[in-house]
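Written below as structure tokens is the structure these notes are about.
Just so you know, these numbers come straight off a predicted model, no measurement behind them. Reminder, nothing fancy here: chain letters follow the sequence lines and each chain counts from 1.
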There are 2 protein chains.
Amino acid sequence: MTVSKTAEKSSEKPAETAKGRKDASEGPGEALQLGELSEQLGYVLKRAQLKVFENFLRCMASLQLTPAQFSVLLLVEKNPGRNQTEIASTLGILRPNFVAMLDNLESRDLCARIRSTNDRRSHILVLTDKGKAVLARAKKLVATKHEARLNELLGPSNREALLGMLSKIANEF
Amino acid sequence: MTVSKTAEKSSEKPAETAKGRKDASEGPGEALQLGELSEQLGYVLKRAQLKVFENFLRCMASLQLTPAQFSVLLLVEKNPGRNQTEIASTLGILRPNFVAMLDNLESRDLCARIRSTNDRRSHILVLTDKGKAVLARAKKLVATKHEARLNELLGPSNREALLGMLSKIANEF
DNA sequence: CGTTATTTGATATGGTCCATAACAATTATC
DNA sequence: GATAATTGTTATGGACCATATCAAATAACG
């Protein structure tokens, strides 16, 4: 084909069943047809993920915690005494990229690196008292504002089903 | 608290119910407890999305199409005669970032920009013959390798339920 | 008509996230 | 004790995302 470089006065094809889409009568712009896109798992998944993260950030605005930072605090709380490599790798964060992240959390006095006496190469990660307090407040915000929103949108049983399917995909795809 | 800057010979706390996790007997490293993380919507959603994209790229390796590029081709095919702004915005892509993307697709002769005669500012987007052919092959690959994987993992009815819930989240969260 | 405002594609630029290579200090291996 | 491996770190580059700005074209409006 190679397509002629100039359109012939608007009519590549009368557009399916006519209606004269883009000639004279232009309403509010006319929404595009998503078509098969709305059935693509990756597409819908990505859009949902963006919306969820966006909502998460709004809920956490007062605490200034990103999803990634929240996950670090949760994991450190649940697994005290672990070093950077262990925490980072289970979160899928590469060690080099984890450094700046910890610098941030540590500068805000939310967690601390402690040089291990077993292996003086590694830094053991611990939540500070402030970190524990902030995490506790974060959990409440997430529960009451964020996850609650999901419940009222899908219902508890659907919510559970969704989480289950996503976990399955995350682990077995 | 402010945490003493050196750990006292490995024992921030005996770790829940003992078992002497990190002292002497170290097996394969001992997996960390995800805890509440595995119930966090955002966390599971993000991980699932990464896995799905990763799988998509593998399936499309022969055609060298990313999820974003595939979505552009799909949308242009379904909505011929639209300009860059329209295609980009419905995909959530900002106009400046869409330029390089189109440069790429156009350089590979998959789509073409046609200066509109109605409005000589805008470029109308069209798939080339090669673009249509590649998209057709891409659709088959996605259907047989990618989405099929999802079906055998969840079953058709669960797949439909998942897509529905994700769409709801993407649109109403 | 002409002047101003808006739109479209494009460039430049900066930020964030992700990935790789390399390094010093420390520990493990042999 | 010499060599290899590990830990945290730095440097760096790529991919993606966001904003400001621009020239060309069009729209709006006096």
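Rounded to an integer number of Å, the gap from Asp103(B) CG to dG9(C) P is 13 Å. Across the protein-nucleic acid pair, Asn118(A) atom CG and dT27(C) atom P stand 10 Å apart, rounded to whole Å. One atom, CZ of Phe98(B), and another, P of dA18(D), lie 15 Å apart when rounded to the nearest Å. Between Met101(B) atom CE and dT11(C) atom P the separation is 17 Å, expressed in whole Å. Counting to the nearest Å, the P atom of dC17(D) and the CG atom of Leu91(B) are 11 Å from each other. Between the CG atom of Leu57(B) and the C1' atom of dA15(D) there is a distance of 12 Å, given to the nearest Å.
Atom CD of Glu152(A) sits in a crowded spot, with more than 12 heavy atoms from other residues, nucleotides or ligands closer than 6.0 Å. Environment of CD in Glu172(B): crowded, with over 12 heavy atoms of neighbouring residues, nucleotides or ligands closer than 6.0 Å.
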Dump the intermediate steps for ring-ring contact (aromatic ring centres under 6.0 Å, His included) on His146(B) and Phe53(B), then the final yes or no. CA-CA 10 Å; His146(B) 185 66; Phe53(B) 269 43; 8.7 Å; no
Working note: Phe70(A) + Phe56(A), criterion ring-ring contact (aromatic ring centres under 6.0 Å, His included); need CA distance, chi angles, decisive distance, verdict. CA-CA 10 Å; Phe70(A) 179 66; Phe56(A) 184 98; 5.6 Å; yes
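Atoms NZ and CD, from Lys46(A) and Gln49(A) in turn, are 5.5 Å apart once rounded to the nearest 0.5 Å.
Nearest approach of Leu37(B) to Leu75(A), heavy atoms of both residues: CD2-CD1, 4.4 Å. When all heavy atoms of Ser62(A) and Leu141(A) are compared, the closest pair comes out as OG-CD1, 3.7 Å.
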Would you tabulate the pairs of protein nitrogen or oxygen atoms and nucleotide nitrogen or oxygen atoms of nucleotides 13-18 of chain C closer than 3.5 angstrom?
none

How does protein reach along nucleotides 2-8 of chain D, written 5' to 3' as B (base within reach of a heavy atom under 4.0 Å), S (only sugar-phosphate), or - (no contact)? ---BBSS
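A donor atom on one side chain and an acceptor atom on the other are not found under 3.5 Å apart for Arg95(B) and Gln84(B).
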